Every structure is written in structure tokens, then in C-alpha cells.
S.K.: 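Here it is: the structure, laid out below.
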Amino acid sequence: NIAAGTYDESVSISAKTLTIEGAGVGATIIRSDRDSTAFQATSGGLSVSHLSIRGGAQGMKLRGITGSLTAVELANNRGDEMGGGIAITDSANINLTSVMITENQGTDGGGLYLDASSQAVLSDPWIANNEATSSGGGVYSAGKIQVTGAEMIENTAEVHGGGMYATGLSPEVVDSKIWGNIAGSN
């Protein structure tokens, strides 16, 4: 468990199985500088809940991870990475429940980037006001993605898919509100 407070640091985890629980969104904050990824994990199992990740060049990078995020806020992460809020890559399999992905910026996937080898299930996410300098303002998906009960609102992309851009496997989107998103090409 991580106590309430603001922690000014970047976290890096490798080859572990770990459960991290904060005191609540806005109460436990991991805040990074604009030069680094705030929270990255490579291979293993990971469960993260009830905390905020803010201020990095990228919020989270999950490579080869099997796990979950529950009630996690990824906000105000702005850089030149794919997945300004979160990148899920290298055969990762992640369930995201009640996550808030807001005001992030990245190249592909201003809010969330999912590579072709990975899969994600999003239940009741709030994905708003993210910006991609290429495609997928809210979400860029090249992998297998299922989205239920989402609100994807007012995201922007300079090229394709203001709300969501899917290049590989067909996304499954159910009972979701997608509105006010803008893309340069379509």
C-alpha cells in the first residue's frame, strides 16, 4: 500500500509480480518530470489501483505485463512517446477498469497506445481531452481491444481518429459515448 501524498519520482519495475494500492485518485500521486516515463514495468504480473500518475513525458509504459489497472488516473503526461497517458506493448494483456485518461499528449495514442502484439479490455473508462500529434487522440489500437461503457470526449488527433484509431484487429466497442472528437484527416 502507498499512503496518501505526492511522490516526485519515476518508478521502474522489472520481472516482478506486484500489487500496488494507493489511498485514492488525487490522494496518492506519482508525479514525474517531463523528461521521463512516470511508471514503467517490464514482464511479470502487475495490479495497480487507487492512485494518480501525472506530469511525465509518458504516464505508464507496460511491456509484456499481465495485469490490471483499477481506479487509476493518468493525467497531464505530455511528450513525444506513443501513448502519452499509457502504452501497452510487447504481448501485454491488461484490464483497465474505471480509469481516467485525461489531458495527455503523445505521437500515436495521445491517451492510450496498444501495439499489435498486445490486448486490452477497458471497462467504464473516461478518456478525455487527450492529443495525438499523429493518430488516435484518445486511443490508438493496433492490437485486440474491447471497450465497454466508455466516454471518449473531446480528444484530438492531427491525422486520423480523434477519439479512437484502430489499425489492426477490429475493435469491439459497446455501450460507449464517443463525441466531440476531432481529427485532421477524418
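Along the sequence shown, residues carry numbers from 1. From a predicted model like this one, the values you see are computed outputs, not experimental measurements.
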S.K.: Between atom CD of Q58 and atom CD1 of I53, what is the distance when rounded to the nearest 0.5 Å?
M.R.: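 Answer rounded to 0.5 Å: 11.0 Å.
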S.K.: How long is the gap from CG on N93 to CD on Q119, to the nearest 0.5 Å?
M.R.: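 The CG atom of N93 sits 4.0 Å away from the CD atom of Q119.
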S.K.: A41: what forms a side-chain contact (heavy atoms from CB on, under 4.5 Å) with it, not counting sequence neighbours?
M.R.: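 Here the qualifying residues are I13, F39, L46, L62, I65.
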S.K.: Following the transitive rule for hydrophobic clusters with a side-chain heavy-atom cut-off under 4.5 Å over Ile, Leu, Val, Met, Phe, Trp and Tyr, establish whether I145 and L74 coincide in one cluster.
M.R.: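 Both belong to a single hydrophobic cluster.
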S.K.: Tell me the side-chain hydrogen bond (donor to acceptor under 3.5 Å, both in side chains) pairs involving residues 131-143, sequence neighbours left out?
M.R.: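 Non-adjacent pairs meeting side-chain hydrogen bond (donor to acceptor under 3.5 Å, both in side chains): D108-S134.
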S.K.: If you look at every heavy atom in A157 and G136, which pair is closest and at what distance?
M.R.: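 That would be CB-N, 3.8 Å.
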S.K.: Enter the distance from S47:OG to N95:CG here, rounded to the nearest 0.5 Å.
M.R.: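 These two atoms lie 10.0 Å from each other.
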S.K.: Ignoring hydrogens, what is the shortest heavy-atom contact between A132 and G110? Give both atom names and the distance.
M.R.: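 Result for this residue pair: CB-N, 3.8 Å.
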S.K.: Examine the side chains of S118 and T89 and answer whether a donor and an acceptor come within less than 3.5 Å of each other.
M.R.: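 Absent: no donor and acceptor within the cut-off.
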S.K.: Rounded to the nearest 0.5 Å, how far does CD of Q105 lie from CG of N129?
M.R.: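 It comes to 13.0 Å.
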S.K.: Kindly list each side-chain donor-acceptor pair under 3.5 angstrom involving residues 17-29, sequence neighbours excluded, with atom names and distances?
M.R.:
unit_1	atom_1	unit_2	atom_2	d
T28	OG1	I2	O	3.4
T28	OG1	A3	O	3.3
T28	OG1	A23	N	2.8

S.K.: Which pairs, with at least one residue in residues 31-58 and sequence neighbours excluded, count as a salt bridge (charged side-chain N to carboxylate O under 4.0 Å, His left out)?
M.R.: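 Residue pairs with at least one partner in residues 31-58: D8-R31, R54-E73.
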S.K.: Hey, what do you get for OG (S10) to CD1 (I30), rounding to the nearest 0.5 Å?
M.R.: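 S10 OG to I30 CD1: 9.5 Å, rounded to 0.5 Å.
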S.K.: Looking at residues at least two apart in the chain, or sitting in another chain, which of them share a side chain to side chain donor-acceptor pair (under 3.5 Å) with E151?
M.R.: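 Here no residue qualifies.
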S.K.: Can you tell me if R63 uses its side chain to pair, donor with acceptor, with the backbone of A87 under 3.5 Å?
M.R.: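 No, the answer is negative, given that no donor and acceptor are paired below the 3.5 Å cut-off.
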S.K.: Do you reckon L122 sits in the same ILVMFWY cluster as I94, going by side-chain contacts under 4.5 Å, direct or chained?
M.R.: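 Linked within one cluster.
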S.K.: Using 0.5 Å steps for rounding, measure from the NZ atom of K144 to the OG atom of S117.
M.R.: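 With rounding to 0.5 Å, NZ (K144) is 14.0 Å from OG (S117).
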S.K.: Under the side chain to side chain donor-acceptor pair (under 3.5 Å) test, which residues partner E9, sequence neighbours left out?
M.R.: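 If we apply the side chain to side chain donor-acceptor pair (under 3.5 Å) test to E9, skipping adjacent residues, there are no hits.
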S.K.: Going by the salt bridge (charged side-chain N to carboxylate O under 4.0 Å, His left out) test, which pairs reach into residues 80-101, not counting sequence neighbours?
M.R.: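 Every pair satisfying salt bridge (charged side-chain N to carboxylate O under 4.0 Å, His left out) with a residue in residues 80-101: K61-E81.
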S.K.: Do V11 and V72 share a hydrophobic cluster, counting only Ile, Leu, Val, Met, Phe, Trp and Tyr and linking them when any side-chain heavy atoms are less than 4.5 Å apart?
M.R.: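 V11 clusters together with V72.
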S.K.: My understanding is that only residues two or more places apart in sequence, or in another chain, count here; which of them pass side-chain contact (heavy atoms from CB on, under 4.5 Å) with A71?
M.R.: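 Only H50 meet the side-chain contact (heavy atoms from CB on, under 4.5 Å) criterion with A71.
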S.K.: According to side-chain contact (heavy atoms from CB on, under 4.5 Å), who are the partners of S43, at least two apart in sequence or on a separate chain?
M.R.: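 If we apply the side-chain contact (heavy atoms from CB on, under 4.5 Å) test to S43, skipping adjacent residues, the hits are A15.
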S.K.: Looking only at atom types and distance, does a side-chain atom of N77 sit under 3.5 Å from a main-chain N or O of G56, one as donor and one as acceptor?
M.R.: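 Indeed, once roles are kept as given, a pair shorter than 3.5 Å links the two residues.
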S.K.: What pairs of donor and acceptor atoms, side-chain ones from residues 173-184 against any protein atom, are under 3.5 angstrom apart with sequence neighbours left out?
M.R.:
unit_1	atom_1	unit_2	atom_2	d
S176	OG	G149	N	3.4
S176	OG	A150	N	3.0
S176	OG	V174	O	2.9
N181	OD1	E154	N	3.3
N181	OD1	N155	N	2.8
N181	OD1	N155	ND2	3.1
N181	ND2	M152	O	3.1
N181	ND2	W179	O	3.3

S.K.: Go through the steps to decide whether Y113 and I88 satisfy the test side-chain contact (heavy atoms from CB on, under 4.5 Å), and finish with yes or no.
M.R.: CA-CA 6 Å; Y113 173 82; I88 301 168; over 6 Å; no
S.K.: Linking I/L/V/M/F/W/Y whenever any side-chain heavy atoms sit under 4.5 Å apart, do Y165 and L114 land together?
M.R.: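 Looking at the clustering, L114 is in a separate group from Y165.
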S.K.: Checking S123 now: which residues fulfil side-chain contact (heavy atoms from CB on, under 4.5 Å) with it, not counting sequence neighbours?
M.R.: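 Scan of S123 (side-chain contact (heavy atoms from CB on, under 4.5 Å), adjacent residues dropped) gives T97, V121.
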S.K.: Decide yes or no on side-chain contact (heavy atoms from CB on, under 4.5 Å) for L96 and I86, but give the supporting numbers first.
M.R.: CA-CA 11 Å; L96 299 99; I86 182 171; 4.2 Å; yes
S.K.: Could you name each residue pair satisfying salt bridge (charged side-chain N to carboxylate O under 4.0 Å, His left out) that touches residues 92-101, not counting sequence neighbours?
M.R.: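 Checked against salt bridge (charged side-chain N to carboxylate O under 4.0 Å, His left out) - neighbours excluded - no pair reaches residues 92-101.
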